[in-house]
A.B. asks: 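Input: one structure, supplied below.
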Amino acid sequence: MVLAMFVRKFSSLRVCVVGSGPAGFYTAEKMLKAHEGAEVDIIDRLPTPFGLVRSGVAPDHPETKIVINQFSRVAHNERCSFFGNVSLGSSISLSELRQIYHVVVLAYGAESDRVFGISGEELKGVHSAREFVWWYNGHPDYSKFTPDLQSTDTAIVLGQGNVALDVARILLRPPKELATTDIATHALDALRESSIRKVYLVGRRGPVQAACTAKELREILAIKDLHINIKEADLLKTSADEEEMKNNRIRRRVFELLSKASSSAAPHPSLGQRELHFTFFRKPEKFLESSDRSGYVDGVNFEKTTLKGSAGSGNQIAAGTGQYEDLNCGLVLKSIGYKSVPVDGLPFDHSKGVVPNIRGRVVSSSDDAQTEDGLYVCGWLKRGPTGIIATNLYDAEETVASISEDIAKKKLTSASSKPGREGLSQLLENRNVQVVTFTDWEKIDSEEKRLGSLKGKPREKITDWNDLLQVTTK
Amino acid sequence: MFISKISRLVGAQAFKGLPKAPITIRSKRSFFPLVQNDYFEPSSHRLFSTTATETSPEENEEAQKISVTFFDNDGEREIKVPVGMSMLEAAHENDIELEGACEGSLACSTCHVVVMDVEQYNKLEDPTDEENDMLDLAFGLTETSRLGCQVIAKPELDGLRLALPAATRNFAVDGYKPKPH
Ligand SMILES: Cc1cc2nc3c(=O)[nH]c(=O)nc-3n(C[C@H](O)[C@H](O)[C@H](O)COP(=O)(O)OP(=O)(O)OC[C@H]3O[C@@H](n4cnc5c(N)ncnc54)[C@H](O)[C@@H]3O)c2cc1C
Ligand code: FES
């Protein structure tokens, strides 16, 4: 009895985290640890948790996904609850959430794309890497997506970051190696039928500026029986390049790998060999429409670029040279960055695609440093779409430190008690939202593992919305 | 991961009918009283201790463990680590907060530690390309950074001092500058 009162008193901090990716789970973990009385609810629009760890990280990177074990332990904490299939903006509004909870942390990631804004971008066969990734990772919004991999032998990937390398690797890796991963079956089938033999990875700048990391680069260079093409002339460094490399260990190591790959590559591909071309100093000018398949892409027109020092920063930028060149292809994957989408009532910086914030506190308007009471951000929505899973750990530490400071200043709990979890459940019930709990997710999880074991895969992802919801009712 | 290891070793011990290891608190503060280090000794040592007649099991046990001190925001903590065990496992068994998102499979960099003495650092085997690839991404990388899951206890490392990155972030405030590689 006394204990129960004690618990009630200290359970008065009601926290809602929106988004169950790394940023959401690390925030929940740190909140539960820092505040013994906090009750943390995590909502996600999908019936499945873990964000891009499930729908972004490549199927052939199972070790990277092990972090799911840690997140599942957080979800099993008795003060933590998962509400899947609950979407901020349609199941519930931001102002409603803020009424129900003392603290709302938005960690819903970046579910849109940066665009070039050049002609032909809407042609069939031009996709964002995000769409392609969601498709091969079985995201339920992309189970009906059908990229055409059979009308062409060439794909152009625009961008040279890790996501670009991921999609290029999936296109080039022998499908029988992918068959033992958790890749979506619709994607595996399409890749088995794929006629794509040649992939261009195109960057606006040079090999010193390539945005990938050594791990991903080493991996793609190691694909069996793959011809690598890197123009030797592109590998000549300027003194500005040397300067950039001196201060950046990753760039140094990436450049070394590219140089080594270039010098050890065979001069020509053997017959039928798959090819990966690293193409530097090219900026897309327009997408070209096919003359015999109207509405479809059949190439990209590029402007050649050269590097110009940008004042002060030490970083060089790509400037056009006025010389142009076409590259033919039947598939284009744009990998130039994800972008977050705003929800009603949320301050948003449209040019950067993030929520303006000071150490995780949402800033009301850009001209003053006024912050919104009880509203915080974390992860890609806060920083923009960069960094690895671990980056979100440090990011969550920062946001939780801000929350803790505000609690200490009595800014948050001074308001009367809030309904929290019961309030949310009630509201969702009134709206007939079918909430997917963590136990429900575990049913999906074991069904996927069971289906996978029949095919020698670690899991067979259920990719259809209805099927996912169906499994939870069994 | 650790749980399965506990049960495996405990199981093995029961099977061999060994007497239960004496409960000794070795670390200054034991936050994890239910899990004694004794359960985690490599099984080779267990076998050895049943056949060894010259040295007493106690002495033997000490010889197989090294002292490692972790430094974090709350101060320092000395623990005994059995030879052959990784610093990540050792930290977890002693409830020291070292992250290990990928559970030691060289895919995350969250187990980043800074070796505080250069001589100690030099006694470690060079990091592999794969470890360097992950170190590239470690937060607050220094000249003597390593991944905790790849540093394995060996006798020469007795007295090893490791700083956790949270502590390095504090040092940075106090004027300690981590150097980029
Ligand atoms: C293709 C790709 C591959 C990657 N590979 C790696 C890798 O190998 N290693 C690595 O360390 N990092 C990798 N990353 C980076 C890593 O995935 C990100 O750093 C991390 O996932 C960002 O975390 P987040 O929580 O901010 O966003 P997310 O992981 O995107 O999580 C956002 C969550 O919010 C949910 N959501 C969205 N909108 C709403 C809404 N309106 N209401 C409720 N919920 C909503 C989403 O369903 C999702 O679950 C990769 C990223 C990508 C894109
Ligand atoms: S635990 Fe992931 S790299 Fe060490």
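Within every chain, numbering begins at 1; the chains are lettered A, B, ... in the order of the sequence lines, protein sequences first and strands thereafter. Hydrogens, waters and symmetry mates play no part in the numbers below; they use all other heavy atoms, side chains included.
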A.B. asks: Quick one: what part of A:I250 sits under 4.5 Å from any heavy atom of chain B, side chain, backbone, both or neither?
C.D. replies: both

A.B. asks: Distance from B:D136 atom CG to A:I388 atom CD1, nearest 0.5 Å?
C.D. replies: 10.0 Å

A.B. asks: Table please: side-chain donor-acceptor pairs of residues 149-160 of chain B below 3.5 Å, with sequence neighbours left out.
C.D. replies:
unit_1 : atom_1 : unit_2 : atom_2 : d
B:K154 : NZ     : B:K123 : O      : 2.9
B:D158 : OD1    : B:S67  : N      : 2.6

A.B. asks: What part of B:E97 is in contact with chain A, defined as an atom under 4.5 angstrom from a non-hydrogen atom: side chain, backbone, both or neither?
C.D. replies: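 The side chain, not the backbone.
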
A.B. asks: Do A:E63 and B:E103 have side-chain heavy atoms sitting under 4.5 Å apart?
C.D. replies: no

A.B. asks: For B:C108 and A:A390, which heavy atoms make the closest approach, and how far apart are they?
C.D. replies: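 Closest approach of B:C108 to A:A390, heavy atoms only: O-CB, 4.0 Å.
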
A.B. asks: Decide yes or no for A:T213 and B:L137: does some side-chain heavy atom of the first lie under 4.5 Å from some side-chain heavy atom of the second?
C.D. replies: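 When only atoms from C-beta onward are counted, B:L137 and A:T213 do touch, with a gap below 4.5 Å.
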
A.B. asks: With rounding to the nearest 0.5 Å, note down the distance linking NZ in A:K215 to CE in B:M134.
C.D. replies: 6.0 Å

A.B. asks: Taking distance alone, no hydrogens or angles, what donor-acceptor pairs closer than 3.5 Å link side-chain atoms of residues 21-30 of chain A to residues at least two apart or in another chain?
C.D. replies:
unit_1 : atom_1 : unit_2 : atom_2 : d
A:T27  : OG1    : A:A23  : O      : 2.6
A:E29  : OE1    : A:Q70  : NE2    : 3.3
A:E29  : OE2    : A:Q70  : NE2    : 3.4

A.B. asks: Find out whether A:E216 and B:D133 are in side-chain contact, i.e. whether some heavy atom of one side chain is under 4.5 Å from a heavy atom of the other.
C.D. replies: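 No. Closest side-chain heavy atoms not under 4.5 Å.
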
A.B. asks: Of the backbone (N, CA, C, O) and the side chain (C-beta and beyond), which part of B:C102 lies under 4.5 Å from a heavy atom of chain A, both, or neither?
C.D. replies: both

A.B. asks: I'd like to verify something: which residue of A:N69, A:I389, A:L217 has the highest number of heavy-atom pairs under 4.5 Å with chain B?
C.D. replies: A:N69

